[in-house]
Protein chains: 2
Amino acid sequence: MADPSPTVARAGFPVSRQVLADHVYEALLEWLMDGRLEPGAAVSIDGMARELDVSPTPVREALARLEHTGMVRRVALKGYRVAPVFTREDFAELMEARLSIEPVNARLACSRMTPDGLDALKQAVEDLKTAPRGGTFAEYRGYLEADERFHQLIAAQANNQFLLAAYNTLGGQIQRFRLFGGVGITDAEQAIAEHQAVLDAMTSGDPEKAAAMMVDHVEKVRGRAMADAPSD
Amino acid sequence: MADPSPTVARAGFPVSRQVLADHVYEALLEWLMDGRLEPGAAVSIDGMARELDVSPTPVREALARLEHTGMVRRVALKGYRVAPVFTREDFAELMEARLSIEPVNARLACSRMTPDGLDALKQAVEDLKTAPRGGTFAEYRGYLEADERFHQLIAAQANNQFLLAAYNTLGGQIQRFRLFGGVGITDAEQAIAEHQAVLDAMTSGDPEKAAAMMVDHVEKVRGRAMADAPSD
DNA sequence: GCGCGTGCGTTCCTATAGGATTTGTGGCAT
DNA sequence: ATGCCACAAATCCTATAGGAACGCACGCGC
């Protein structure tokens, strides 16, 4: 093993330490999100263990957790595979689910917004505006991250653990679709304006308007994506 | 093990076999739902392995999956514990989340209802009416099961994998609360009437009314529970 | 040529062993 | 009596080994 000292325990991190399965989980999640693991690809337990230089046991545990997020699927005695690409129907269902949850999150978040939360939201929109959005993944990665962060912050500010959990499950799928939907970033200006509209409603403290702006945003995202990607 | 022939492959069930971790998962889920594992109790990996007469490995995998459902919580290097009892705030959040998702499910289910689905719903309401509802868990278990089944069927009929997944996460928590909310079944007549109202709207094919009746039901459930259980 | 059984490598699945960590207990000094 | 340290048991965590199942290629018979 490369590192003979398993318990590094860097000074200042006495609590909430991480075990190997956590690192494996994060590594796999990152690989799923940045396209290193493509949809449909097999995720071999032993293979990942070799790749990450750990034993299969923590890999198995990490995959068991990932399965429940919908990122990978398991077939008994056959192993795990990365979830297949979204069909048009899958995407429509995902947007339908977003339309059920995100406006509610926006309304609640607006009512319960903290000053720090609002600052974080403003920062996310600012990052959206300044993020580079070139043609390669590395170039628009920051943009995607800011987009996801914006929605995630709203879900968190709604201050409801169940809605947050529900959104987080969707959020992973949304992020994965953004990556494999395959159209890069073609709608940045419009998307930024829609995000700004949601933020403005939040700033002015108008929950109903925040919800309405979120509905508007998600519907327009759906419209643009359905027009852009007639793949299926 | 009782069955020495692992690949019995009973006629009609050639596919989708189960491995030990699946059985462990189901056993733990059942114990969590029965109340055999009480909130706050430690769920020792080795202990459960001894209890179920398997090795710790499949237990670890089952618990990793369960963690994502919110039924158990994990602390690194300390182990798993059954999620604590709901506080009043937790319950309010759960109902808020239900109000966001279930009416949408009801609306969509009404639009997309199949004849078989409607029959299953009618059966669930019928079971609610006829189920015994005595004082012990064994006596009102059938009632709880029919209640959960009614909502689960609606979520399934909404025909949206993401909304279904979101509901299922909530559904487990709802069921767990019903058990540990601690007030038994005191509102059967009213609850049955509310379920019937949802079913009637579904039968008549009125999606908006179905959604409205669902809102009404969940709000009344919240009201009754908040009045019954001023525990916190 | 085509279907089918056989053999082999890969992978999954489970059990087991041992190191690392936490927790509870008892003794000691203050 | 209180606080602190050492020790021990229980538990978690990781690695490893071996049995079982799967997938694939090869070869045989029709």
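A quick note: this is a predicted structure, and the numbers were derived from the prediction, not measured. Naming: A, B, ... by sequence-line order, numbering from 1 per chain.
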Rounded distance [0.5 Å steps], CZ in A:Phe180 versus CG in A:Leu32: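 Spacing of CZ (A:Phe180) from CG (A:Leu32) equals 8.0 Å.
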Residue whose nearest DNA chain D nucleotide is more 5′ - B:Gly79 or A:Pro58: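 Looking at DNA chain D, the more 5' nearest nucleotide goes with B:Gly79.
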Within the pair [X] and [N], is there a side-chain N or O less than 4.0 Å away from OP1 or OP2?
X: B:Arg50; N: D:dT11; result: yes
X: A:Ser55; N: D:dA15; result: yes
X: A:Arg60; N: D:dT16; result: no
X: A:Lys78; N: D:dG23; result: yes

B:Pro56 side chain, from C-beta outward: closest of C:dT16, C:dT14, D:dT11: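 Shortest atom-to-atom distance from the side chain points to C:dT16.
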Closest to the B:Ile45 side chain, choosing from C:dT11, C:dC13, D:dC12: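 So the nucleotide nearest the side chain must be D:dC12.
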B:Gln173 side chain vs B:Thr69 backbone, donor-acceptor pair below 3.5 Å: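 The answer is yes, because a donor-acceptor pair under 3.5 Å joins these two groups.
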Between [atom2] on [N] and [atom1] on [X], what's the gap in Å once rounded to a whole number?
X: A:Met48; N: C:dC12; atom1: CE; atom2: P; value: 10 Å
X: B:Asp46; N: C:dA15; atom1: CG; atom2: C1'; value: 13 Å
X: B:Glu61; N: D:dC12; atom1: CD; atom2: C1'; value: 17 Å
X: A:Leu20; N: D:dC12; atom1: CG; atom2: C1'; value: 13 Å
X: A:Leu52; N: D:dA15; atom1: CG; atom2: C1'; value: 15 Å
X: B:Gln18; N: C:dT14; atom1: CD; atom2: P; value: 11 Å

Within 6.0 Å of CZ in B:Arg112, more than 12 heavy atoms from elsewhere: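 Buried by this count: over 12 neighbours within 6.0 Å.
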Between A:Arg149 and A:Gln152: side-chain donor-acceptor atoms closer than 3.5 Å: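 No - no donor-acceptor pair under 3.5 Å links their side chains.
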Ring geometry between A:Tyr167 and A:His151 (parallel below 30°, tilted from 30 to 60°, perpendicular above 60°):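 Correct class here is parallel.
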Sugar-phosphate, base or nothing in reach of A:Thr57, heavy atoms under 4.0 Å: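 Result for A:Thr57 = base.
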